[in-house]
Amino acid sequence: MVEPSSKDISPATATVDVVVVGAGFSGLYLLHKLRQLGFSTRVLEAAGDVGGTWYWNRYPGARCDIPTTDYTYSFDPDLEKAWTWSEKYATQPEILRYAQFVAERYDLRRDIDFDTRVVAARWDDEAGHWQVRTDTGRDIRCRYYVMASGCLSLPKTPDITGAERFKGEVFFTSRWPHEGVDFSGKRVAVIGTGSSGIQSIPIIARQASQLTVFQRTPNFSIPAGNGPVRPERRAPLEADREAYRREAKWSRAGVPNEQTQVYGRYSPPQVHRERFEAAWQSGELIPMLAVFADQILFRDANAIVAGMVHEKIREVVQDPQLAELLSPRDHPFGTKRPCLDTGYYATFNLPHVRLVDLRRHPIETITETGIALAGESMAFDAIVYATGFDAMTGAIVSVDITGRDGITLKQKWAHGPQTYLGLMTAGFPNLFTITGPGSPSVLSNMMVSIEQHVDWLADCLVRLRADGMTTIEPTETAETGWATHVDDCAGITLYPTADSWYMGANVPGKPRGFLPYVGGVDAYRGACDEVAACDYLGFRRSGAKGTRCTDGVVRRLQPDVAMVLQMMAQLNLPTFDSLPVGQARALLQQLSAARPTGPAVGDTVDGSLPGAAGPLAYRLYRPAGPGPHPVVVYFHGGGWVLGSHESDDPLCRDLCRRSDALIVSVNYRHAPEARFPAAADDGLAAVRWVAAHAAELGGIPGALAVAGWSAGANVAAVICQQARDHGGPVISGQLLLAPVTDCGMSTPSFDENAEGYVLTASLMKWFWDQYADAAERPHPKASPLRADDLSRLPPAFVVTCQFDPLRDEGIAYARALAAAGTPARWITARGHTHTSPTMVDVVVSGEQVRGEMADALRGFFKAAAPA
């Protein structure tokens, strides 16, 4: 391996194994790591020293918003012993000194070219090298090219008319003068109330004779409560440093924090207040972002937190109208990164501080002497632009990076970044991005995410070297799959509802899309580890020994479904089919008791109705609006063995609320006590009784549909055939969620999804064994797909799930209905398991599926209504 020093780099083209762009915390650790592994490495840095973001961002009050117990390298225990932070939240000067300390300790500067900006990088496919061009006139060839340029490093240019006309002093928080600025006695304007504005405004206010803050969008901010690190905060780290750092690596945000299971929408006001106050007093972002398990998922839960922050603002700001202007109401709490401040809100009580609401009084132009609004001109001595960054992608595409076939990265990312794991992008071999778009990065403790990326990259290069490979590149399949997964993770949250820099919304013309990975540091690390363990799944590697590619998608489950499966695995519960029936039923009741209750409906009524062989219990769910309502008779899942009219309670509530239909969930006799055809016979008796008593139940006579999940969907499908053949009643439609339609259990989905997704092939066999003898199972009352005639049946909407053994037989039933002339529509819930669409308020990604189910019910009744 070549190991050049600064003296070795000549005006002629030099060659190294790796070029790294950026000498911030990513570049420093990567240089140190690669050196240890024997890779010749050159770091190119536009600044005059190390530090990255902390070199440039020197504005007054600049601090980290992650506690110093966590915002620190963890790769070397001796480094941690050698450096002690002075405060809970370190200031920019101290963080910069830390970066310089690291550079000196490991003698890193000798392999860094400062004051050197990369202008372009071009992949030479024939040579298998990157050609890197700098503004100093030097070219460097490298096998691997790494953009460690930071997520918040390219300042956003102010898009304000007349900005170039101002004759006074102009400052940018993102490029603050190194010698500092004295605002004493000056009239100062600050434009922007993001993190840098909120941190700097209180300090500027202490100096300026007049301070005017121009705010377009108020931001949530939390008092940092800065000072020495509290002993209780330091204690876990001092007790067991290794365990603490390991917990951070496998935490959601890169900071050890206990995950709550308390739901805001289902807990009482006293719990709301207690949890909020504890988080507020901590003065830390992570606890504030996790007051409730559901605050980033549902607006009503989020509004509880946001409302209490608004209270805190009103307690501090003396003018009620001003307090209202400072209270964010256009985005849910946490969907833009909340700020940490020291005296921010109190600053607006000072007589020389004024707030201008740009939504009501927009800036018309910057003038030579100040700022002109409609109807008012203000004179200033200095203007401070706290307007932020072109985040995540700006610094990367600002370099002219050209990959295979002459395509530039800017061209490829014209409609939004496309990456695999946030680490690489197809068409650009051997190009790596550290904490790039599609990785946790800005939603995490950056130090933990940086170390994870660097370690993964270094291991990858070592593996390539050992295998005689020289080139690595993601496949388009893997890249597309990861993009889908990143979007799925964001889609179940409130993040995409805000016009934030997370979405690229702060830069005019930038494509909208959620840039970071919101699935969590722990889930992300697991995915990266799995990719490497599976022979670099989704990557194509090549070299003198040929090409190797294990193509595929690393995450296909919906993220919340995967999380539920992981939690269930950790509980190490026995499987239902390993238990006696009585114990299996008790286990189901235990699990049901721990779930969210589901949405409120107008009313619920418990009753009984005559079944085929005795009374059957039912629960009626009445919508909140005035009746009468269409009626849906619903049958629960549980393999004809487990469950009751109450066991699918949250799903029934959800369907009732969404469809505005009266839901009657009916119990039926269960196997093995009552075997085939007891469930089917009870179902038909129940539907007939409900049809005859619709009016007294609050329903519309003649507006009747049936629905069911799993074995309950089997019952519903059988009922439709029986009602057609044996005298009614008339049924408007059938909603079948993950239905059992055939006893064969021989479809591909039974092989593909035999294990690991709650309903297993062995459990389905156990259900069939409990319910019916082998000779009885082909009967249409048990296997409706095997009926001779599927015509003249009620319109059907069939929902199957991608990771469900029953998927293929559900699709087969829908297709058979359609082939027979029965109106039938079906969908396959991508990324879902047999059980996940029923998990109301737990599996948020199931909301779309449940919405389509409710729409189908509405459609049944609309189609059946007389013209």
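Heavy atoms only: backbone and side chains are in, while hydrogens, waters and symmetry mates are out. Small disclaimer: the values here were computed from a predicted structure and weren't measured.
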Next item on the list: Begin with the C-alpha distance, continue with both residues' side-chain angles, and end with the deciding distance and a verdict on salt bridge (charged side-chain N to carboxylate O under 4.0 Å, His left out) for D111 and R35.
Entry: CA-CA 10 Å; D111 289 322; R35 246 198 217 163; 2.9 Å; yes
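Between H453 and Y524, the side chains place a donor N or O and an acceptor N or O closer than 3.5 Å (distance only, hydrogens not considered). When only modelled atom types and interatomic distance are considered, S449 and S441 share no side-chain donor-acceptor pair under 3.5 Å. Residues T193 and N219 bring no donor and acceptor atom of their side chains to less than 3.5 Å of each other. For the residue pair T217 and R359, a side-chain donor N or O sits within less than 3.5 Å of a side-chain acceptor on the partner. Judged by distance alone, the side chains of E451 and S74 do bring a donor and an acceptor atom under 3.5 Å apart. If you check the side chains of Q100 and D49, you find a donor sitting under 3.5 Å from an acceptor. With 3.5 Å as the limit, one finds a donor-acceptor pair spanning the side chains of Y29 and D455.
Screening W501, F220, Y502 for a ring-ring contact (aromatic ring centres under 6.0 Å, His included) involving H331 leaves a single residue, F220.
Ring geometry for F25 against Y98 counts as tilted: the plane angle lies between 30° and 60°, on a 0 to 90° scale.
Side chain of N445 to main chain of D70: a donor-acceptor pair is present (N/O by atom type, distance under 3.5 Å, no hydrogens or angles). The backbone N or O of R138 sits nowhere less than 3.5 Å from a side-chain atom of R133 that would complete a donor-acceptor pair. Judged purely by atom type and a 3.5 angstrom limit, T136 has no side-chain atom pairing as donor or acceptor with the backbone of T134. A donor-acceptor contact shorter than 3.5 Å is absent between the side chain of R122 and the backbone of V132. With T484 contributing its side chain and W482 its backbone, the two residues share no donor-acceptor pair below 3.5 Å. Within the 3.5 Å criterion, the main-chain N or O of H129 finds no donor-acceptor partner in the side chain of W123. Put simply, the side chain of T480 gets close to the backbone of E476: a donor and an acceptor are under 3.5 Å apart. Put simply, the side chain of S439 gets close to the backbone of G436: a donor and an acceptor are under 3.5 Å apart.
Using a cutoff of 4.0 Å between basic side-chain nitrogens and carboxylate oxygens, D65 and R337 are scored as salt-bridged. Contact check on K412 versus E479 returns a salt bridge, with a Lys/Arg side-chain nitrogen under 4.0 Å from an Asp/Glu carboxylate oxygen.
Within the structure, the side chain to side chain donor-acceptor pair (under 3.5 Å) test picks out the following pairs touching residues 506-519 (sequence neighbours left out): D390-K510, T393-K510, H485-Y517, D499-R512.
Between F432 and Y145, the ring centre distance reaches or exceeds 6.0 Å. Note: F171 and W176 meet the aromatic proximity criterion, with ring centroids under 6.0 Å apart.
Expressed to the nearest 0.5 Å, how far CD1 of I434 lies from CG of L457 amounts to 5.0 Å.
The number of heavy atoms from other shown groups lying within 6.0 Å of NE2 (H415) does not exceed 12.
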Using distance only, find each side-chain donor-acceptor pair of residues 551-559 under 3.5 Å and give its atom names and separation, not counting sequence neighbours.
residue: D551; atom: OD1; partner: T475; partner atom: OG1; Å: 2.6
residue: R555; atom: NH1; partner: E530; partner atom: OE1; Å: 2.8
residue: R555; atom: NH2; partner: E530; partner atom: OE1; Å: 3.2
residue: Q558; atom: NE2; partner: R830; partner atom: O; Å: 3.1

For residues 535-542, which side-chain N or O atoms pair as donor and acceptor with protein atoms under 3.5 Å away, sequence neighbours left out?
residue: D535; atom: OD1; partner: R463; partner atom: NH2; Å: 3.4
residue: D535; atom: OD1; partner: R541; partner atom: NH2; Å: 2.7
residue: D535; atom: OD1; partner: R548; partner atom: NH2; Å: 3.1
residue: D535; atom: OD2; partner: R541; partner atom: NH2; Å: 3.4
residue: D535; atom: OD2; partner: T550; partner atom: OG1; Å: 3.4
residue: R541; atom: NH2; partner: D535; partner atom: O; Å: 3.3

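With Y106 as the aromatic partner, R109 does not meet the cation-pi criteria of under 6.0 angstrom to the ring centre and within 45 degrees of the ring axis.
Annotation for D113 and R42: closest pair OD1-NH2, 2.8 Å, computed over non-hydrogen atoms.
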